[in-house]
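To start, the structure itself, in C-alpha cells.
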Amino acid sequence: MYQPNKIEPKWQKIWAKNNYKNWHAQDKPKGKHIYILDMFPYPSGEGLHVGHIEGYTASDILSRYYRMKGLDVLHPMGWDAFGLPAENYALKTKKNPKKVVSQNIKYFRKQLQQMGFSYDWQREINTTDPNYYKWTQWIFLQLYKNGLAYEDEVPVNFCPSCKTVLADEEVVEGKCERCGSAVVRKKLKQWILKITAMADRLLKDLDLLDWPARVKTMQKNWIGRSEGVEVEFKVVGQNEHLKVFTTRIDTIFGVTYLVLAPEHELVPKITKENYKDEVENYVKKALQKSDFERQFASKEKSGVFTGAYAINPSNRERVPIWISEYALINYGTGAIMGVPRHDERDLAFAQQFHLPIKEVVSSDGTLINSGPFNGIPYKKAQEKIALYVGGEKTVRYKLRDWIFSRQRYWGEPIPIIKCEKCGLVPLRENQLPLKLPEIKKYEPTGKNESPLADISSWVNVKCPQCKGPAKREANTMPQWAGSSWYFLRYLDPKNKKKLVDLKKEKVWMPVDIYIGGVEHAVLHLLYARFWHKFLYDLNVVSTPEPFIRLVNQGIILGEDGEKMSKSRGNVISPNDIIEKYGADSLRMYEMFMGPLPFAKPWNSQGIIGIYRFLNRVWSLATNSRLSLRGVKRRSNLKESDLKMTNEAKKKLKENLKEIEKARHRTIKKVTEDIESLRFNTAISALMEYVNQLFEIPQEKINQKHRETLVLLLSPFAPHLAEELWQTALKHRKSVGFEKWPVFKSELVEEKSFILVVQINGRIRDKMKVQKGIDEVQAQKIAKESKKVKKYLDKQKIKKVIFVKDRLINFVTTPQN
RNA sequence: GCGGACGUGGUGAAAUUGGAAAACACGUAGGACUUAGGAUCCUAUGCCGAAAGGCUUGUGGGUUCAAGUCCCACCGUCCGCACCA
C-alpha cells in the first residue's frame, strides 16, 4: 500500500546524510554542467506557499533530470532576509528581527526538505549573515569609489507608515509596495546609485537574453529611452534661458506657451511681482500632495501664469510661461513647450486656460505655418528645425537613479563615515564587515534617520583620516541590495578573501535557468543586472549578463479563481496537502495543472487524480493489488483466467506487441517535455504508459517496464521512485543517480498509420495502413472503401492531394 | 490612452511544419465489489439527432484542397505602464 507519510520522511532522512553530500556540486566539474537557480525566498512568518512550491518543483525536476543525464548540477538555496517584512513582523510581535529571521529560516528549510527538493545545502547563504553582507558592503564601496554611489538632496518618495524613503521601483500607483500607504514627496539627502549610467547597456543587452517577452517589455518601458531635442527659450527682459525637452521639435512653430514644473528652480526668479502670491500658493499646495494625489486624483489640468514671457526661437513670438503639475520635475528638463494642436495634454491645458491653439502639421503630414519649413514632411523637418533653433539632440530616459538608503534598522549598514573636516570617508576594505549592532529599540524614528543614529556608541567614531570626531552613516541599505548578487556567492560561499573566485565564477556563470515570479521584473531583475554589469567592468565576473534564460511560473489562484489571500480565506496550505496526499502528489499536481507560465486555479479534486495515479504506479511496481480489498484488478489475473473472446485475444496480442513500443515512446516524450519545461504533458505521457501497462496481464509486465516507469517518474515524485527502486525493484543505489533511460528511434517509429480519407476536405473514412505507401497505393486503398465510394459516385475527381503518412484528399466536381 | 499576453467541452487543459479538434486528468451518469463507500475497478461522457448524418476552437470576413494554427476587422479577459513632453 502506498503510504507517502511513511516513505517520504524515510528518504528525506537518508538524503540528509553528510549535509546532503550527494547533491553537492563540484567547484570545478570536469564534464558538462548546468546552473539551475531559484529566486531565493524571503523567509516570512507564513512559511512556504503553493506558489513557491510551483517554481521550486520545476527547478528540482530539471536538476534531478540533468543529474541522471550525467551533468554536474548546481542547484543552491538561500535566504533573502533583510528588509521591511521581517522588521515589521518583528515589531508587531515585539521580537528581535534577527531571532525572527532565524526561526523563519529554520521553518522554511524544514518545509523545503519536506518537499524533497534536491538542494546543495552546503552552499546555503543568508543575506543577513555578516560574512555575506561584508561583500554587499564591499560592492557598495566599489560603487562609491567609481562615482556610481553618491549622496544628494533630491525629492524622494517617502512612506509615512514605514517611515522610510523608497525607490521609484517600490512605488506602485503612488503607493508603498509593502504597506499600501500613499507615498509623499520629500526633499531629503540620500544615498543614490547611478543606475542611469548603465541605462543604455541595460536596454541594449536585453537582446542577449532568452526571457519572457513581457519581462523584457517591462524593463524596456521602465528604462524608457526617448530621443529628442533640448532647446532654449529666452525669458523676456531677463538674462535667463528656459531649456525644454521635446521629441517633436518639428512642431516648435506651434508653441503657444511654456510650462514649468512647480519645483523648477527658475520659478521664483522669473515670476512677476503681481503673480507671486498665486504662484507661491500653487507651488506650496503641489508640494504637499502625495504622488498618488498628483497623478490620479485629478485628471483636470491645473496651473497658474507667472506673468513672464519667453521668446520662441523658431518664429520670435512671445509666449506666456505657466507652471503646472503636469510638467514633471524629474523627467526631461522639468519644462515643456506647449503645442496644443499636436499634443493631447497640451490641448486640455490650453482649453482650460483659453490659450491659443495653432496648427503646424497638416493632415497629409507636411508642415504649415512653419516659416521656411512649410511643405516638408514633419519627420524630415526634424533635423533641420533642430539646427535652425539651435537645439541639441539628446537621449532621455524615464529610468531614474536608485535611491539607496533606508531609515530603518534591519538592513546592511552603509560603510561610510561622515567627518566635518574630511567630508565622506569610506571604510577601508579590511574594516568590513561593518556589523549591524544589536540594539533594543529598533522602531523607526520618523526623524528621517535610521534608529542607528541614536546608538552613540556605534555612530560616533574617529575619522579614519584626520582622527577627529566623526559619525557613521546611520541609514541602511534597501532590501534589494543582498539579492543583487547572491547567485555569485553560491559559487564560493565561504571565501574570505574574495566575493567569488574568478575561476569558479568562469565555470558556472552565467546562470543557465532562472525560475521565479514575474513580480520582480523591474525590481530585483533590473538591480541585479545593474550590479552585474558593474562587477563585469571591475573584472569580478566574466559575463555581462547574469541570467541567460528566465522562466516565470504563473501564479496559483485559489479555488474561486481569485488571488489567494488570507482575507478571502482561499489560501491552500502546503502542509495540509502533504499530510493528506504527500509531497510527491503535491509536486506532481502543481506540475500537472497546466503549463508552467500560466495562471492556474487550484482544484482540490484535481490532486486526487495524481494521488490515484501514484497508487497505480505503486501497485504496478510492487506487483501488488491496487485496492484495499475485494477488487479484481485485471492485471492480477492470469492470462488463462480471462474469459477470452476472439476479439479480446486479438486485442491482448496487440497490446503485448505495443507495450515495448509504448515504453520507448514514453521515454522520448518525457525526455523532450522535461527539456522544454512542459511538465504537464510529460506527466500525461507517464499516465498513458501506466494505463497501457494496465491493459496487459501482470505476468507479462517485466522488470524493464517497471524500471523505466520508476526512472522516468523519479524527477517528479522522488520519494516514491526511490522507495520503489530500492525496495520493490531491489537496486542498491539511489535512483537519483541512475542513468536516464534512452529510447531507440526505430522502436518509436510506428510501422502503420491512420490514413485519413477526405473528399473535398471532409473526412469520410479512416483506415490503418502501412507507413510509407505512395499516392497510387493510397488512392487504390482509399477507393476500395464503401463509404468513400458512396461519395465519389457520380463525381469527377478534379484533383488529388496526398500527404505522405497522413491523408489523401479527393477534390471533386459533379459529373454533369 | 499606450504596450504585452491570451480567448478550445461542465472544469484544468492537449493538438510537431497548416493535415484525425478535445490527449491526460477532474467532474458527472450508470454498473461491479461491498455492512457501508467519500476507497477501488468497469462503461459512457463536446453539442443536436432514434439513426444516418450534421454542427463545433470568442464573433464576422478572407487565403487554402485543408485553418484552433496564417491574414484583416470587431468583441472580450488578464497583466504591465500611465500627464514621460
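Each chain gets a letter, A, B and so on, in the order its sequence line appears, and its residues count up from 1. Atom set for the values below is all heavy atoms of this structure, side chains included, hydrogens, waters and symmetry mates excluded.
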What is the separation between atom [atom1] on [X] and atom [atom2] on [N], rounded to the nearest whole Å?
| X | N | atom1 | atom2 | answer |
| --- | --- | --- | --- | --- |
| A/L807 | B/rA20 | CG | C1' | 9 Å |
| A/K766 | B/rG19 | NZ | P | 16 Å |
| A/Y326 | B/rC83 | OH | P | 13 Å |
| A/M593 | B/rA14 | CE | P | 13 Å |
| A/N691 | B/rA23 | CG | C1' | 11 Å |
| A/F753 | B/rU16 | CZ | P | 19 Å |
| A/F613 | B/rC26 | CZ | P | 12 Å |
| A/I759 | B/rA66 | CD1 | P | 14 Å |

(message) Whether A/E750 and A/K661 form a salt bridge (side-chain N of Lys/Arg under 4.0 Å from carboxylate O of Asp/Glu) is what I want to check.
(response)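 Here A/K661 pairs with A/E750 in a salt bridge, since their nearest N and O are under 4.0 Å apart.
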(request) Using heavy atoms to find the nearest nucleotide of RNA chain B for A/R762 and A/A599 separately, return the residue whose nucleotide is more 5′. (result)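 Between the two, 5'-proximity favours A/A599.
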(request) By nearest nucleotide on RNA chain B, pick out whichever of A/I683 and A/N760 is the more 5' one. (result)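 Closer to the 5' end of RNA chain B: A/I683.
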Return the pairing partner of [N] with a 3.5 Å limit on both distances, Watson-Crick or G-U wobble; otherwise return none.
| N | result |
| --- | --- |
| B/rA67 | none |
| B/rA25 | B/rU11 |
| B/rG30 | B/rC42 |
| B/rG80 | B/rC2 |

Just to be sure I understand the rule, does [X] reach a base, reach only the sugar-phosphate, or reach nothing, if contact means heavy atoms closer than 4.0 Å?
| X | answer |
| --- | --- |
| A/N330 | nothing |
| A/E344 | nothing |
| A/V811 | sugar-phosphate |
| A/I763 | sugar-phosphate |

(message) Using 0.5 Å steps for rounding, measure from the CE atom of A/M591 to the CZ atom of A/F716.
(response)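 Answer for the CE-CZ pair, A/M591 versus A/F716, is 9.0 Å.
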(message) Using the ring centroid of each side chain, check whether A/Y257 and A/F349 are separated by less than 6.0 Å.
(response)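 When the ring centroids of A/Y257 and A/F349 are compared, they turn out to be within the sub-6.0 Å range.
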(message) I want to verify a distance call: between B/rG54, B/rA85, B/rC24, whose nearest atom is closest to the A/L328 side chain?
(response)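 Selected nucleotide: B/rA85.
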(message) Can you say whether a donor on the side chain of A/K301 sits under 3.5 Å from an acceptor on the base of B/rC83, or the other way round?
(response)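 Indeed, a donor on one side and an acceptor on the other fall under 3.5 Å apart.
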(message) Quick check: any donor-acceptor pair below 3.5 Å linking the side-chain of A/N809 to the base of B/rC65?
(response)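 Counting by modelled atom types and ignoring angles, a donor-acceptor contact under 3.5 Å is found here.
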(request) Determine the Euclidean distance between corresponding P atoms of B/rG9 and B/rA22; express it in Å to zero decimal places. (result)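 So the two P atoms sit 14 Å from each other.
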(message) Counting only heavy atoms not in A/Q777 (residues, nucleotides, ligands), do more than 12 fall under 6.0 Å from its CD?
(response)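 Yes, enclosed.
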